[in-house]
Amino acid sequence: MSDIRVRFAPSPTGYLHVGGARTALFNWLFARHTGGKFILRIEDTDIQRSSEEMVRGILDGMEWLGLDYDEGPFFQSDYAEKHRAAAYELLEKGWAYRDFTPKEERDDATVKQQAAEAARQGKVMNPFRNLSREESDARSKSGEPFVIRFKVPEEGKTSFDDAVYGLQERDYKDIEDLVLLRSDGHPLYNLSVVVDDILMGITHIIRGQDHLSNTHKQVLIYQALGKPSPRFAHLPLILAPNKGKLSKRKHGEIVSVTTYRDSGFIPDAFVNFLALLGWSPASGEHADREIFSREELINLFSLEGIHKANAVFNFTEGDARNWTDQKALWMNWEYIKTIPMEKLAPFVKADLQRSGLWRDEYDGGRRAWFEQVVTLIRERARTLTDFTNHGRPYFVDDFSFEFDEAAVKKNLQKDPALKELLPQLADAFAALDEFTHETIEAALRKFAEEKGVKAGLLINATRTALTGQAVGPGLFDVVSAVGKDRAVARLKHAAHSVC
RNA sequence: GGGGCGUUGGGCAAGAGGUCAAGCCGCAGUUCUUUCAAAGCUGAAAUCGCGGGUUCGAAUCCCGCACGCCCUGCCA
């Protein structure tokens, strides 16, 4: 147990963004690695943007990824009173001042212009910055609206040592007097985070690099409040293929973590992939590995291994096969292929249940058969949903699976002789006492020899007759998995309805 | 406009002055084969953003430039 405390502090946007998920993961890994605490805090100070439902999305994503938190979720809005108190404390101490500039003069459009102009002429001091205390109090008392701004010192600079980006310095003159408290009394982000992080005893702040510049302001607030700054570690960003921002508006569902859950990803696989986006094991001996279990990630994780350069989330829009990052897809498939059956089976079960294909006997008497089929399909499954897609023919009793048109043409209709051969082959199968890979193969090859046709013709025809597909596992495994009765029925069915 | 951060094959990346610049994804070919995969093998793909410098020697150190991203809000 250590006294390290980290937090993940997303705003409630209704879904967990992959970038946010990566931030959460790194915090979680750091906490688990160091034996510290991982805290979840929802940054809902922008009241217009938050609702219970919006929070739910974040929680769902984290739960699916298996990122459990030790404390929270806390809600930033619950601490507004403390934020306000801090603002007044700073006012009291002379670290802040009331700005009576009417709100209309400071709205978005005008502010941008002013900022540009101000930059051209150097920093312009806010006219209320040095208003006497008496006048400030008087105007406030008379009901004139104001914001509270931080009073950034005129001379000197701030600095902090980022665990990833190294020493960061910035002249005070490049930092504007930020607003701490809105005229309606609402505390603003930079104040709120600092107060909350102090309150929650956060020792390390691991977050996106988009906060790097703002960190200086926060460091200033820590100092003014007389508290030590935590250690900062900023993470490189995850960009879209055009190196722009990865956003839900532009890129759709691909940015939301729940999409990966719904698309048949194994959480561990996605975690593995995410961990390698912007981080790699610092010790060179693991540099040529890609697959890491959760335990290994926890053991290996360190702030030193975090990269500085932004990473690109590589996917092709409109390409069904590469709908998301190819390496993520590969990794998921690698996990599906290799994890132990007892870990894979529950995922498959859930998928089958969703599509109404599950039967309780798969947990009982038909367990061995179930595992046999899963073993067959997993080799070719890129996502968990493939178990119901490609696997459907194994789980239905009738013929309610799709016949691929090209497969039918190529394997069933190409040779007219099949119309006669298939029912006979079915009879040959029906006559078998033992129905195994070996006996099926022997029967089929013997049958082919007797009829003077190539075994391949019957093999491919049978595959399509039994599964509707042109591709799939080795045929004799398919036949044995489908079982004698269904195999016989499907061969006959194919012969008079599709051949 | 100002400030900050970054730049190794299409993507993820190893590398931390001195072997032909790892590995993975993806791509092409090949072996195997009853299909598709898998697996194995082979291959294409990087003048280490560009230009200077330091050095016997630089992807690695220094300077300049270009490009990209972030911040610059009474958003978070």
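- One interatomic measurement links the two molecules: CZ of A/Phe313 to P of B/G68, which rounds to 24 Å at whole-angstrom precision.
- Using Watson-Crick or G-U wobble geometry with both donor-acceptor distances under 3.5 Å, B/C50 finds its partner in B/G64.
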- For each nucleotide in nucleotides 28-35 of chain B, reading 5' to 3', give B when a protein heavy atom comes within less than 4.0 Å of its base, S when such contact involves only the sugar-phosphate, and - otherwise. ------BB
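- Counting any heavy atom pair closer than 4.0 Å across all strands shown, A/Lys217 reaches sugar-phosphate atoms only and no base atom.
- Using cut-offs of 30° and 60° on the angle between ring planes, the pair A/Trp330 and A/Trp333 is tilted.
- Residue A/Arg289 places none of its side-chain N or O atoms closer than 4.0 Å to OP1 or OP2 of B/C24.
- One interatomic measurement links the two molecules: CH2 of A/Trp323 to C1' of B/G26, which rounds to 17 Å at whole-angstrom precision.
- Taking a cutoff of 4.0 Å between a charged side-chain nitrogen and a carboxylate oxygen, A/Lys173 and A/Asp171 qualify as a salt bridge.
- A/Ile336 places its CD1 atom 18 Å from the P atom of B/A37, with the value rounded to the nearest Å.
- Between the side chains of A/Tyr97 and A/Ser136, no donor-acceptor pair is found at a separation under 3.5 Å.
- Here A/Arg98 does not pair with A/Glu144 in a salt bridge; the nearest charged N to carboxylate O distance is not below 4.0 Å.
- Summarising the geometry, the separation between CG on A/Asn214 and P on B/C5 is reported as 14 Å, rounded to the nearest angstrom.
- When each of A/Arg7, A/Arg207, A/Arg231 is paired with A/Asp197, the salt bridge (charged side-chain N to carboxylate O under 4.0 Å, His left out) condition holds for A/Arg7 and for no other.
- Neither OP1 nor OP2 of B/C70 sits under 4.0 Å from any side-chain N or O of A/Ser213.
- Here B/C75 presents its P atom at 15 Å from CG of A/Asp44, a figure rounded to the nearest Å.
- By the 5.5 angstrom centroid cut-off and the 30-degree plane limit, A/His216 is classified as not stacked against the base of B/G3.
- The pairing partner recorded for B/C24 is B/G11, the criterion being a Watson-Crick or G-U wobble arrangement whose two distances lie under 3.5 angstrom.
- Side-chain to base pairing of A/Lys243 with B/C69: no donor and acceptor N or O lie closer than 3.5 Å to each other.
- With respect to A/Asp184 and A/Arg182, a salt bridge is recorded, a charged nitrogen being found less than 4.0 Å from a carboxylate O.
- Comparing B/A16 with B/U8, their C1' atoms sit 13 Å apart, to the nearest whole Å.
- The closest donor-acceptor contact from the side chain of A/Ser280 to the backbone of A/Leu276 lies at 3.5 Å or more, if one exists at all.
- The phosphate of B/A76 (OP1 or OP2) has no side-chain N or O of A/Gln76 nearer than 4.0 angstrom.
- Note on A/His211: every side-chain N or O is 4.0 Å or more away from OP1 and OP2 of B/C70.
- Look at CG on A/Leu237: it is 15 Å from P on B/C5, rounded to the nearest Å.
- Atoms CD (A/Gln218) and C1' (B/G4) sit 15 Å apart, rounded to a whole Å.
- Here A/His307 reaches the OP1 or OP2 of B/A14: one of its side-chain N or O atoms lies under 4.0 Å away.
- B/G4 and B/G26 have their C1' atoms separated by 34 Å, with the value rounded to a whole Å.
- Because its NZ or CZ atom is not both nearer than 6.0 Å to the ring centre of A/Phe447 and within 45° of the ring axis, A/Arg445 does not count as a cation-pi partner of that residue.
- Here, B/U72 and B/C20 have their P atoms 48 Å apart, quoted to the whole Å.
- In this structure, B/U33 makes no Watson-Crick or G-U wobble pair, since no nucleotide meets both defining distances under 3.5 angstrom.
- Under the 3.5 Å distance criterion, with hydrogens and angles disregarded, no donor-acceptor pair is assigned to the side chains of A/His437 and A/Ser480.
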- Along nucleotides 38-51 of chain B, 5' to 3', which nucleotides get a B, which get an S, and which get a -, given that the test is a protein heavy-atom distance under 4.0 Å? SS------------
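- Between A/Trp95 and A/Phe150, the ring-plane angle classifies as parallel under the 30° and 60° cut-offs.
- Between A/Asn314 and A/Val164, the residue anchored nearer the 5' end of RNA chain B, judged by the nucleotide with its closest heavy atom, is A/Val164.
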